[in-house]
Amino acid sequence: MSATLEQNLRQLAFLDAELAERMRGVSCARTVKVVPTRSNFPSAVAITTDGVEAAIHSLHDPIKQAGRFVDSIEIRESVDAFAVIGFGLGYHVHDLIRRLEPAKHVLAIESREDVFRAALESRDLGFFLARPNVHVFVGTDYIGFLDWLKTFLNFTNVDSLSVIRHMESYRLNPAFYGEISLEMEKAVSRRRVELNTLVQYGPDLETNVIRNLPHIASAYGVNRFTGALQGVPAILVGAGPSLSAALPMLREVQDRAVIVVADTATKLLLREGIRPHFTALLDMTDKTVKFFKDLPAADAPAVVFDPDAYHETVRDYPGPRITFESVVPWTRWATSVGGEKGAMEKGISVVHTGYLFLREAGADPILFTGIDLAFPGKTTHAEGVVLGWGTGEVTPEMEHQLTLPSVTGGQVKSVIAFKTFVTVFEILVSQTKAKVINTSPEGALIRGTENLPIEEALRRYVAEPRDVRGLIAARMADPPAVDWGRFHERAGELLEAARRIDDLSGSALRWLKQTARLDRSNKVDYAEWRRVAKKINRNRIAILSMPEMIPLFQRAISGEALEVRKIGKAIEAAKEGPERERLEQERMRRFFGAYLKASAHVKAQLELMLREAPR
Amino acid sequence: MQVFIDGEPFPIDLKPGTTVQGVVDSLRIHTLARRRVITSISLDAVAVPVQKEAPIFAAAADTHARLDLATADPKELGRSVIDPLLPFLDQLQSAHELAAETLHAGKMKEFSEMMLQCVQGWELLISGVRNLGALLGGVPAVAAAQPADLAEQVAQLATAVSGLKTAYENQDPSRLGDALEYDLAERIPYWRDLLSTMRDALDA
């Protein structure tokens, strides 16, 4: 092994140990030729997917070519991250990196393992591998790529991404690169939508999770069911049109598999003589109230509820409740009084939540029924479900319509939200050991699942009677005990802290107003400004020094936090002077304004919650 | 067989067994002596190649009715080919640079049009040089101005142009860029010098 390769692999191992290990076993000898050029920098030639030999860089002067290429790219200061499609031997990536500040993220995606191996063998890639904020993906595993991208976006707070296509590399695998380019552009805009949603619905989500605190504390945790259904077949029931035809068959097999049903289809199943074992609840709005209205307690399956689900629906649910610790910090606070509930990913729909629960429980296989995520016919849902959206009919006026690949091999009508659901399922299924079978006869294709007609799937996988209820009952024999005295005491401390933040923010805002009237060029005013600025800063530090409260406030202040970040970037770019001072004032004003608003909201909801919570 | 030169009858004494080739060869000597070159030949109103050893010329002269030759002043002929090519070569350098920049910027539609113009230009040059060689090869001054490896140079140029076209068909941006910026661009000074020398030889 050459010294260059060894050094590159060592550095790569710090960045991505699994990739470094994988690259050790890759050979490029037969498919990539590294060739000398008269500029003394090597170039390379690779065989394309259509069997043609193509140069990856100039065979004369790859450095000059890279410089010209990067010259043609618009590098905007406001962009947080640059994704280069096609690494090749890295010349263009190197040229790009030297024009960027270290804080900017650089993502390199190379579909060909052999090309990346050739790069590792032929050049010192330290400019890339040793730089902070670099991320590399090698290969053509599309689902793996989606997962990698999701991890990157979740851990870096990037909200703008520029995609740069290296033409020569693109040529080597246009289908894969085309798909991921599109996905990257959509992922960032989806993230913006998520952040905007958070901004728009942040207060509602906070209301729900705070008002749900007593129910979170007293609910069973998903950790009670970890592995409880190992090897037990499960049927995950959605409310899609194909559910109607499946109902008689589900009735026949209900004692042979665990049945988890979407909230909107719960009452339908019960009317059809099917007693689901679990239902799932996710939606944060009051439309969920009707899903379980008039549901008798004796018939109510245990509900797996997302901590952000609409609080009145959670409160009024007549059956047992199960929940989980999510990324929302309030859920972890609740475990300090109600015991741990077990961590689970948040689903983006009820069927995702149901799936995640079944996966945690170890169910295998998992059969999808009524999870069409498409409209093969004229209806949007199975007949008899409680509609959470739409009229039940597919109409031309429905927004965001598109077509998706179907299980039949063609295309099927759907909507953009379902496309996201399909993608998320594909990622989840790829990470699941259990077999997943999709019985939708004409719905959207979910890659990684086996497509089978429901009769065949049930015949093969749901043949034997099982005491599923017994298994579940055993896990629920010992309901969680909550020390309500301690709950009230701890919540009271939170309320007190919220009041303090309210005071600190309010006084800081008054002082900021005061300092805005001061003329800093005047000696007396300047001294006064300095005195008041210290007090403002002390208040800021006091707020940020409440380690328990700060995470709890994050969602409530998320809208203003984005603005504060933008102002921070503007401050970095501004020179010393009046404009910079103005921006700093504005940033402080936004900071305290956000906490004032959030503390008012949190206080109000804590007070209401404490009035309802058991003693 | 009757012979016409530039539309005028040309009396010729044909011995039995004389081939068309023999007639053409003697007419070449005749026209060269008058400081003219043959630019086109037609046999019984059918155009035939001007080059010396066209297969049809092997036939006996008396099996054909009429031989027409058009001639031209080699200077005028040479200038008519070389004069447009020289400024074209001057523009070709910047055309190549612009095409390469456009390629690197990913503007493929504009690049395709530019590339087509470059290719057409080079192909015009190649056919012009080949025609000059065929038409004026017998002119001593021109023959003296031609390098010994001219045919080889033309063949290499044709290969480079072909390489450009292949890189385009294969959608190989690096090879396209290299062909424009290096393989072809580096040949421009040579062809500019050669054509200038040939033009000077014609004027002498």
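Side chains included, hydrogens not; waters and symmetry mates left out as well; all remaining heavy atoms used. Just so it is clear, the model here is predicted, and its values are computed rather than measured.
- In terms of non-hydrogen atom pairs under 4.5 Å with chain A, the most contact-rich of B/Ala100, B/Gly177, B/Pro173 is B/Pro173.
- Looking at every heavy atom in both residues, B/Gln171 comes nearest to A/Arg171 through O-CD, 2.9 Å.
- Only the side chain of B/Glu181 has a heavy atom closer than 4.5 Å to any heavy atom of chain A.
- Summarising the geometry, atom NE2 belonging to B/His104 is positioned 13.5 Å from atom NE2 belonging to A/His92; distances are rounded to the nearest 0.5 Å.
- Scanning both residues, A/Met167 and B/Leu103, for their nearest heavy atoms gives CE-O, 3.0 Å.
- The number of heavy-atom neighbours closer than 6.0 Å to CD of B/Gln93, taken from other residues, nucleotides and ligands shown, is above 12.
- Heavy-atom contacts from other residues, nucleotides or ligands closer than 6.0 Å to CD1 of A/Ile416 number 12 or fewer.
- Looking at every heavy atom in both residues, B/Ser174 comes nearest to A/Ser58 through OG-N, 3.4 Å.
- Heavy-atom neighbours of A/Arg76 CZ from other residues, nucleotides or ligands within 6.0 Å: at or below the threshold of 12.
- Residues B/Tyr182 and A/Asp61 form a side-chain contact, since some pair of their non-hydrogen atoms from C-beta on lies under 4.5 Å apart.
- Atom NE2 in A/His60 sits 10.0 Å away from atom CZ in B/Arg175 (nearest 0.5 Å).
- Among A/Leu59, A/Val52, A/Ile73, the residue with the largest count of heavy-atom pairs under 4.5 Å with chain B is A/Leu59.
- Within a 6.0 Å radius of CZ in B/Phe88, more than 12 heavy atoms belonging to other residues, nucleotides or ligands are found.
- Counting heavy atoms of neighbouring residues, nucleotides and ligands inside a 6.0 Å radius, atom CZ of B/Arg35 does not exceed 12 of them.
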